[in-house]
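Heads up: the structure comes next, in structure tokens.
Please read all numbers here as calculations on a predicted model, not as lab measurements.
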Amino acid sequence: EATFGDLGAISVAVDGNLVTAATAVLDAATTERTMLVAEIYRRAGNWRMRAIGQGYDHGLAELATCYGVVVDD
């Protein structure tokens with residue numbers, strides 16, 4: 001029954017050998033039980049990170065099903 005609103009701010013960081021390459025802080029969650037926090041992808045030979053912060057009130061199985069994943073009971 002816990003939600004992301006119970007956690008407070010969530011941060012994501014991509015750390016390199018000497019420096020932090022990217023960070024994102026998401027702090028607007030309320031009733032969401034699952035969340036897409038960030039996506040990491042390659043574009044033109046470079047790695048990129050995009051903060052998403054898209055939350056859903058349903059559970060992980062329902063989120064996976066929305067993306068075409070078959071989830072066993």
Side-chain angles (χ1 to χ4, degrees):
E1 298 301 320
T3 66
F4 277 91
D6 298 332
L7 294 177
I10 300 167
S11 63
V12 175
V14 177
D15 292 331
N17 289 336
L18 301 174
V19 297
T20 298
T23 61
V25 177
L26 306 168
D27 63 357
T30 56
T31 62
E32 296 86 351
R33 293 181 57 219
T34 57
M35 185 173 290
L36 298 176
V37 177
E39 67 180 5
I40 298 171
Y41 61 97
R42 269 183 91 92
R43 181 172 183 194
N46 296 310
W47 285 102
R48 296 177 182 234
M49 181 184 89
R50 177 177 18 202
I52 299 173
Q54 177 66 52
Y56 302 90
D57 287 340
H58 49 67
L60 185 57
E62 290 87 352
L63 177 63
T65 301
C66 290
Y67 282 90
V69 176
V70 176
V71 178
D72 291 338
D73 291 335

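A distance of 11.0 Å separates CG of Leu36 from CG of Leu26, quoted to the nearest 0.5 Å. Rounded to the nearest 0.5 angstrom, Thr3 OG1 and Met35 CE are separated by 9.0 Å. Interatomic distance, OG1 of Thr31 versus CG of Asp57, reported as 3.5 Å (0.5 Å rounding). Once rounded to the nearest 0.5 Å, the distance linking CG of Asp27 with CZ of Phe4 reads 14.0 Å. Atom CZ of Arg48 and atom CZ of Arg43 lie 5.5 Å apart (nearest 0.5 Å).
Two residues are said to be in side-chain contact when any heavy atoms from C-beta on lie closer than 4.5 Å; Thr34 and His58 meet this criterion. Using a 4.5 Å heavy-atom cutoff, the side chains of Thr23 and Met49 are not in contact.
Linking ILVMFWY side-chain heavy atoms closer than 4.5 Å, directly or via other members, places Ile10 and Val14 in a single hydrophobic cluster. Cluster annotation: Val25 and Val37 are assigned to distinct hydrophobic clusters (Ile/Leu/Val/Met/Phe/Trp/Tyr, side-chain heavy-atom contacts under 4.5 Å, transitive).
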Tell me which donor-acceptor pairs under 3.5 Å the side chains of residues 59-73 have, and how far apart each pair is, sequence neighbours excluded?
{"residue": "Glu62", "atom": "OE1", "partner": "Gly59", "partner atom": "N", "Å": "3.2"}
{"residue": "Thr65", "atom": "OG1", "partner": "Ala61", "partner atom": "O", "Å": "2.8"}

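Side chain of Glu32 to main chain of Thr30: a donor-acceptor pair is present (N/O by atom type, distance under 3.5 Å, no hydrogens or angles).
The minimum heavy-atom distance between Arg33 and Ala2, with the atom names listed, is CG-O, 3.9 Å.
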